[in-house]
Amino acid sequence: MTGEKLLYIETFGCQMNVSDSEKVAALLKSEGYAPTADSSAADLIIVNTCSVREKAEHKVYSYLGRFRGLKRERRFLLGVGGCVAQQEGERLLKRVPWLDLVFGTHNLHLLPEMVRAAEQGERRAAVDFIDNETRLDLFPRADEAGGATRFVTVMQGCDNFCSYCIVPYVRGREISRRSAEIVEEIRNAVAAGVREVTLLGQNVNSYGLKTPGELTFAGLLREISAIDGLERIRFTTSHPKDISPDLIACFAELPKLCAHIHLPAQAGSDIILERMNRGYSRQEYLAKVAALKAARPGIQITGDIIVGFPGETEDDFLQTLSLMEEVRYTDIFSFAYSPRPETAAAAFAGRVARKETQERLDRVQELQRDMTIERHAGFVGTCQAVLVEGMSKRGDQLYGRTDGNLIVNFAGDPALIGSLVDVRITRGYPNSLLGELTTVQ
Ligand code: SAH
Ligand code: SF4
Ligand code: F3S
């Protein structure tokens, strides 16, 4: 085939999908596909999907629907990857007849071959799990991607089986990547200008625990922290049950480790936590939060909350609100419970009415909005080290993040993108801070 072919990728879902989309782009580059931001010019469109809640899954089908007519107008290939692909497999090819290929969360490496087959008119679905470590090492590293911040996958999959969650079914068993490989990737990234890394996994705290001879997550953090030229380390997501005293100690010991942790509680009532199969009690969760705050005063804590879980009473719900107040989260993501195929909770009795669930969600969001505004106001007058990530959406200001992961907008020279600067905070908004540049560090 002559001439350049164009690839458009649409990504739904979490950071894991964003990271997989980067790998897809890198893999298909060697097949002659260059990235485009214009789907109407693409020869191949890949949709990377999320199925964590019903709504996310519906969004995928309505998105795919729009290509039906377009397929009659011009020739292009349409592929679906990610968690809905994993969940549905062959069924997706039947349900969406204008679809050319389906690849699951463990099958990225098969894409070049599948795309070649699709170019010949063959429709394939590949969704087998490959439970070995090699697949983590198959991917070309995206060293060419610029920027001062980088996500680095350290583990994949999840073995926790929270009773509401589809992730263990669509991402497979937990596998940790080799620490030597992770450290090498970060060294190379730092040499290419990266100053901050975010270590990525469904449950990073259990890193290495099932791999004989491997470092623990705390051990991995210490190794990464020793890399010269790297300024900041973040990680996401943490499961509260696997936060070890050694990991908490890292927040006291390692200045490069940022003062922020995303630590989803999901609920505040012991009965609900038990039924969610979360593996910790309210008291255990709060004790870990207190230990984190003691290890790193000023640490920003964010989390996830689910309301309307089967059997959740008004009293259970009030305990979620009181937990939020005790932790005083900087911010949270909050969700209405959504039953998912294969999960244990989908068969639980005591479904909470939609109206009730929505009302609880509103109350959670109202409480959090007030706490977030108060937190943001507390920063006014302080000076924060900010890693400048780019131009704000309006294009007239720079934006970056504080050590505690708050977004700050401020006026400044675009040449500062990629550097750490000092910013005095002048105003707090519900979603961000406003500031002014003081000195360049
Ligand atoms: N591995 C991460 C993220 C999982 S998905 C973790 O364990 O924290 C992100 C969030 O989606 C979860 O924390 C949970 O709050 C929410 N979620 C997952 N399944 C859900 C469901 N069935 N209904 C509503 N929210 C759900
Ligand atoms: Fe889902 Fe629980 Fe695993 Fe998070 S820890 S991905 S909520 S099963
Ligand atoms: Fe969604 Fe899959 Fe991530 S279900 S949240 S894209 S792991």
Side-chain angles (χ1 to χ4, degrees), residues 10-21 24 47-60 80-88 104-106 127 151 153-175 199-207 235-243 261-268 272-273 275-280 285 301-310 312 320 324 329 331-348 351-352 354 357-358 360-361 364 368:
E10 184 73 30
T11 307
F12 296 102
C14 67
Q15 197 55 49
M16 203 56 96
N17 267 10
V18 174
S19 164
D20 281 351
S21 287
V24 166
V47 188
N48 202 354
T49 60
C50 173
S51 71
V52 75
R53 282 166 292 276
E54 227 169 2
K55 229 190 242 170
E57 193 182 334
H58 287 159
K59 209 154 105 186
V60 169
V80 174
C83 296
V84 176
Q86 186 63 49
Q87 184 189 309
E88 296 300 315
T105 57
H106 285 208
V127 291
F151 284 89
T153 304
V154 300
M155 53 142 20
Q156 294 189 6
C158 181
D159 291 350
N160 286 320
F161 292 92
C162 301
S163 62
Y164 50 80
C165 186
I166 199 168
V167 171
Y169 303 93
V170 289
R171 287 278 167 181
R173 298 289 58 74
E174 217 169 87
I175 300 167
L199 309 179
L200 199 62
Q202 302 301 340
N203 177 21
V204 291
N205 311 136
S206 58
Y207 174 83
F235 57 83
T236 198
T237 293
S238 294
H239 193 301
K241 82 171 161 54
D242 297 316
I243 297 251
I261 187 165
H262 188 69
L263 194 64
Q266 313 297 358
I272 298 296
L273 287 171
R275 288 164 56 85
M276 284 179 163
N277 192 29
R278 289 291 287 175
Y280 53 85
Y285 179 84
I301 299 178
T302 55
D304 297 344
I305 294 288
I306 297 175
V307 299
F309 186 78
E312 185 187 70
T320 292
M324 287 170 60
Y329 289 108
D331 213 341
I332 58 161
F333 295 111
S334 49
F335 309 103
Y337 168 73
S338 166
R340 307 305 294 130
E342 293 184 82
T343 62
F348 286 0
R351 199 61 69 73
V352 180
R354 190 185 289 252
T357 301
Q358 184 58 47
R360 287 179 187 170
L361 191 60
V364 159
Q368 186 56 51

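Order of appearance sets the numbers: ligands from 1, and atoms from 1 within every ligand. Quick caveat: nothing in here was measured; it's all calculated off a predicted structure.
Note on C50: not counted as a metal contact of atom 3 (Fe) of ligand 3, no N/O/S atom lying under 2.8 Å.
Residue R278 places a heavy atom less than 4.0 Å from ligand 2. The closest approach between A336 and ligand 1 falls below 4.0 Å for a heavy atom of the residue. At a 4.0 Å cut-off, not a single heavy atom of C158 sits close enough to ligand 1 to count as contact. Ligand 1 has at least one atom lying under 4.0 Å from a heavy atom of R53. Residue G82 places no heavy atom under 4.0 Å from ligand 3. Under a 4.0 angstrom heavy-atom cut-off, Q202 registers as being in contact with ligand 3. In this structure, R171 counts as a contact residue of ligand 3, since one of its heavy atoms falls inside 4.0 Å of the ligand.
The closest protein non-hydrogen atom to atom 7 (S) of ligand 2 is Y164 OH, 3.3 Å. Closest protein heavy atom to atom 2 (Fe) of ligand 2: C162 SG, 2.3 Å. The protein non-hydrogen atom at the shortest distance from atom 3 (Fe) of ligand 2 is C158 SG, 2.3 Å.
For the pair Y337 and ligand 1, the shortest N or O to N or O distance does not fall below 3.5 Å.
At a 4.0 Å heavy-atom cut-off, ligand 3 touches N17 through the side chain alone. Counting heavy atoms under 4.0 Å from ligand 1, residue Q266 touches it through the side chain alone. The parts of Y164 lying near ligand 1 are both backbone and side chain, judged by heavy-atom distances below 4.0 Å. When heavy-atom distances to ligand 2 are checked against a 4.0 Å cut-off, N203 has no atom that comes that close, whether in backbone or side chain. At a heavy-atom distance under 4.0 Å, only side-chain atoms of C83, from C-beta outward, approach ligand 3. The backbone and the side chain of S338 each have at least one atom closer than 4.0 Å to an atom of ligand 1 (non-hydrogen atoms only).
Within the 4.0 angstrom cut-off, atom 24 (C) of ligand 1 has one or more protein heavy-atom neighbours.
For ligand 2, the atoms lying closer than 4.0 Å to a non-hydrogen atom of C165 are 1 (Fe), 6 (S), 7 (S), 8 (S). Interface atoms of ligand 2 facing P168, defined by a heavy-atom separation under 4.0 Å, are 8 (S). For ligand 1, the atoms sitting less than 4.0 Å from at least one non-hydrogen atom of P264 are 8 (O), numbered in the order shown with element in parentheses. Heavy-atom contacts of R340 reach the following atoms of ligand 1: 22 (N) (cutoff under 4.0 Å).
Taking the six-membered ring for Trp and thresholds of 30 and 60 degrees, Y285 and Y329 have ring planes inclined between 30 and 60 degrees apart.
Applying side-chain hydrogen bond (donor to acceptor under 3.5 Å, both in side chains) to N160 and the options K241, Q202, R278 leaves one that passes, K241.
In this structure, R340 is not positioned above the aromatic face of Y164 in the sense of NZ or CZ being under 6.0 Å from the six-membered ring centre and within 45° of the axis. A cation-pi arrangement is found for R275 relative to F348, the charged atom lying closer than 6.0 Å to the ring centre and inside a 45° cone about the ring normal.
Residues D159 and R171 are not paired through a salt bridge, judged by the lack of any N-O separation under 4.0 Å between the basic side chain and the carboxylate.
One option in D304, N203, V52, N160 has a heavy atom closer to atom 10 (C) of ligand 1 than any other, and that option is D304.
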